[in-house]
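As the structure is a prediction and not an experimental result, all values here were calculated from the model. Residue numbering restarts at 1 for every chain, and letters A, B, ... go by the order of the sequence lines.
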Amino acid sequence: MTQNPPRDERDFYERIYTLVEQVPWGKVATYGDIATLIGEEGCDARVVGHALGAMGARSATIPWQRIINRTGGISLTGHGQRERLEAEGVAFDEKGNAKLDAHHWGGPSEEWAREHGFKTLPRPADKPASAQLTLF
DNA sequence: GTGATGACGATAT
DNA sequence: TATATCGCCATCA
């Protein structure tokens, strides 16, 4: 208890997996978003990435490919992540970055989140009126 | 128990 | 806008 949170070690990862499974087809989420949805203090974008890298055999039932970094890029190039996302209809830029503006997941339903003890994103897609004029 | 690493994020320049 | 640096927290050696 001195520095051991009440959460179970592996159960913490299971929560991340459960949340990743909620990402609908054709949608993508960022590590930071997953961390925010978990709501735990010890949940950061980096931890989410490690959790996904520790799922092992579960990777066959978890849409880990829909989880990308904040810049929309994929760090695991070589595992066919981008290829799978494209098969789902996710578009990529010339730089290899997914179009988060068009496929960003706004998080699960509040009802589902409360039912499972998750939180919702503070702002699914805030668009400041001073930085979206050249979107197209 | 300490140090180093990592499928990242945000801010500063 | 793009690049560089720092920070965050958990896990492994």
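In this structure, a donor-acceptor pair under 3.5 Å is present between the side chains of A:Asp33 and A:Thr30.
Between A:Lys119 and A:Arg114 the shortest side-chain heavy-atom distance does not fall below 4.5 Å. A:Trp64 places a side-chain heavy atom less than 4.5 Å from the side chain of A:His79. With contacts defined as side-chain heavy-atom distances shorter than 4.5 Å, the pair A:Leu76/A:Gln81 qualifies.
Distance A:Tyr31 OH to C:dC9 C1': 16 Å, rounded to the nearest Å. As a whole-Å value, the separation of A:His50 NE2 from C:dC9 C1' is 9 Å. For A:Leu52 and C:dA10, the CG to C1' distance is 14 Å, given to the nearest whole Å. Computed from coordinates, the A:Met55 CE to C:dT11 P distance equals 16 Å when rounded to whole Å.
The aromatic rings of A:Trp112 and A:Phe118 sit parallel, their planes meeting at an angle under 30°, below the 60° perpendicular limit. Taking the six-membered ring where the residue is Trp, A:Tyr13 and A:Tyr17 present perpendicular rings, their angle passing 60° and hence far from 30°.
Listed by first residue number, the stems of DNA chain C with at least three Watson-Crick or G-U pairs below 3.5 Å are B:2-6 with C:9-13, B:8-13 with C:2-7.
A:Gly32 comes within 4.0 angstrom of the backbone, heavy atoms only, and of no base.
Each salt bridge (Lys or Arg N to Asp or Glu O under 4.0 Å) pair with one or both residues in residues 47-75 of chain A, not counting sequence neighbours, appears once here: A:Glu14-A:Arg58, A:Arg66-A:Glu88.
In 5' to 3' order, the nucleotides of DNA chain B bounding all contacts with chain A (an atom under 4.0 Å from a heavy atom) are B:dG6 to B:dA10.
In this structure, OG1 in A:Thr71 is found 8.0 Å from CG in A:Leu100, a value given to the nearest 0.5 Å.
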